[in-house]
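No experiment lies behind these values; they were computed from the predicted model shown. Residue numbers begin at 1 in each chain, while the letters A, B, ... track the order of the sequences.
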Protein chains: 2
Amino acid sequence: MSLVCVECPVRDRAACAVLEEDERNALARAGRMRDLKRNETLFAAGEPVSSCATLVSGALKVATMDAEGREQILALIHPAGFVGEFFRPFAEHDVIALSDSRLCVFAGPTMEQAIDAYPALARALLRRAQEDLHASRVLQALTGKASGKARVAALLLGFGQAASDSPCHPAAQFDLPLSRGEMANMLGLTIETVSRQITVLEREGAIARKGKRGIELVDPALLSEAAA
Amino acid sequence: MSLVCVECPVRDRAACAVLEEDERNALARAGRMRDLKRNETLFAAGEPVSSCATLVSGALKVATMDAEGREQILALIHPAGFVGEFFRPFAEHDVIALSDSRLCVFAGPTMEQAIDAYPALARALLRRAQEDLHASRVLQALTGKASGKARVAALLLGFGQAASDSPCHPAAQFDLPLSRGEMANMLGLTIETVSRQITVLEREGAIARKGKRGIELVDPALLSEAAA
DNA sequence: CGTCATCTTGAGCTGCATCAACTGACGTGG
DNA sequence: CCACGTCAGTTGATGCAGCTCAAGATGACG
């Protein structure tokens with residue numbers, strides 16, 4: 001399947017946005033679109049990885065299973081995000097679709113050749129890797145020693161930011177992209193604790209539940225105070 | 001000060017190792033050596049960063065302070081490691097010397113020009129960023145939901161690996177590069193808990209204390225079992 | 001020998017995990 | 001259309017791992 005970059009919703013935010021039109025088209029001819037259903041696995045930990053991809057729409061999670069079979073979510077991938085490691089023969093973590101998703105997939109050598117051919121692409125990928133690294137450390141700082149309430153509050157704020165168009169103000173209302181269980185796996189808590197802390201934050205007037213997945217940020221200031 | 005790559009202890013492991021001799025020398029002329037004493041700060045969170053560096057000897061920590069002024073260690077940098085973000089105007093985290101250290105420092109634009117001039121360098125930095133990202137996620141998985149004992153055991157094993165020449169077997173005996181407080185900050189525990197778990201592991205026969213900072217891995221298999 | 005920093009050990013308390021029951025939404029099949 | 005099962009979420013009761021506070025112990029150094 002050929003890619004139609006002209007219609008790509010992330011055409012000016014993804015790594016390939018730094019390429020010239022003809023370069024991008026050349027790269028696109030070497031890639032293909034792939035759709036994933038919710039909970040479908042893109043890469044499985046331990047399996048050989050010979051490809052990488054840009055997320056076009058939907059959302060992915062990067063996760064590991066511990067010895068007891070419990071999942072730990074290590075990162076979320078949003079549209080325009082990039083997954084796949086070039087320099088490792090095997091995937092270290094699972095990459096799974098959180099919702100129905102569409103990706104722009106490239107076979108391993110294709111992208112390696114491309115970063116040699118287009119220096120700007122290497123820069124763009126380096127930038128993205130550093131951003132991912134930063135995001136990982138921020139999450140680490142959060143789960144390191146914050147209280148359960150602070151973790152949940154910070155996660156809700158983060159979702160609000162992600163759901164907003166403006167980079168400074170969070171969306172007033174949005175749908176949670178994660179189930180309670182996924183939020184718990186991400187924060188190093190249990191389902192029950194997440195649920196309880198959401199209840200507490202609602203009772204304090206910081207947020208309000210809107211249906212099963214909807215959240216309204218009633219008092220963002222109060223919420224960010226709880227996240228401290 | 002000019003750099004003498006020929007004598008550099010990390011000359012074939014650092015990112016610049018991918019360069020040809022003359023390219024490397026050209027880059028070296030644009031950089032300079034810098035020595036840090038223990039606890040000296042290389043980058044401070046929030047301050048503008050206009051440089052990056054390869055660690056030649058010693059060790060660094062990447063850390064944040066939470067609202068209550070407690071430190072959280074997010075990553076350790078070992079010799080041949082690279083620090084500094086090109087694409088961000090301000091440092092997000094503190095970078096501090098854990099022991100007396102020597103770095104090979106480059107002013108911001110120097111390295112940016114170099115990655116454009118030498119595609120192999122961009123690849124090498126991308127590889128390093130992905131490795132850092134992986135290390136960050138491994139640490140995150142560890143601090144996510146493991147027990148105190150498992151965290152301490154895993155950290156000790158990691159130090160053993162790092163202190164060893166062989167990549168597969170850990171060193172039988174080594175000195176802890178971190179104080180109890182630093183280990184606690186890294187693992188999301190308290191000094192007391194770290195101390196207690198070390199005592200437990202010693203009582204179980206997995207390790208033995210050798211003086212103030214020395215650790216002997218009496219039974220590595222038992223230790224890695226405790227880390228599970 | 002005293003001082004200071006680091007580490008260890010003890011005792012009690014707290015926050016989160018665990019186990020368990022209940023609710024509501026949804027889908028399936030009789 | 002209703003009975004039923006399933007699944008996600010909520011709430012309650014209880015226990016324990018790790019935090020907190022406190023008191024030594026150990027070692028480095030002047």
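Ion pairing of A/Arg102 with A/Asp35 is present here, as a side-chain N (NZ or NE/NH1/NH2) and a carboxylate O approach within less than 4.0 Å. For B/Lys149 and B/Glu204, the salt-bridge test passes: some basic side-chain N is under 4.0 Å from an acidic carboxylate O. A salt bridge is absent between A/Glu131 and B/Arg88; no separation between the charged side-chain nitrogens and carboxylate oxygens falls under 4.0 Å. Checked for salt-bridge contact, A/Arg196 and A/Glu192 miss the test: no charged N lies under 4.0 Å from a carboxylate O.
Using modelled atom types, one finds a donor on one side chain and an acceptor on the other under 3.5 Å when comparing A/Ser136 with B/Gln140.
To the nearest 0.5 angstrom, A/Asp132 atom CG is 5.5 Å from B/Leu133 atom CG. The line from CD of A/Glu225 to CG of A/Asp219 is 9.0 Å long, rounded to the nearest 0.5 Å. A/Ser224 OG to A/Leu156 CG: the interatomic distance, rounded to the nearest 0.5 Å, is 12.0 Å. Going from atom CG of B/Leu55 over to atom CD1 of B/Ile77 covers 8.0 Å, rounded to the nearest 0.5 Å.
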### Task
Sugar-phosphate means primed atoms, P, OP1 and OP2; the rest is base. With that split, encode nucleotides 1-18 of chain C 5' to 3' as B, S or - using protein heavy atoms under 4.0 Å.
------SBBBB----SSB
### Task
Could you walk me through whether A/Leu103 and A/Met33 pass side chain to side chain contact (heavy atoms under 4.5 Å, CB included), step by step?
CA-CA 6 Å; A/Leu103 299 111; A/Met33 277 293 174; over 6 Å; no
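In 5' to 3' order, the nucleotides of DNA chain D bounding all contacts with chain A (an atom under 4.0 Å from a heavy atom) are D/dG9 to D/dA13.
Axis angle between the ends of the helix from C/dC1-D/dG30 to C/dG30-D/dC1, five pairs each and rounded to 10 degrees, works out to 30°.
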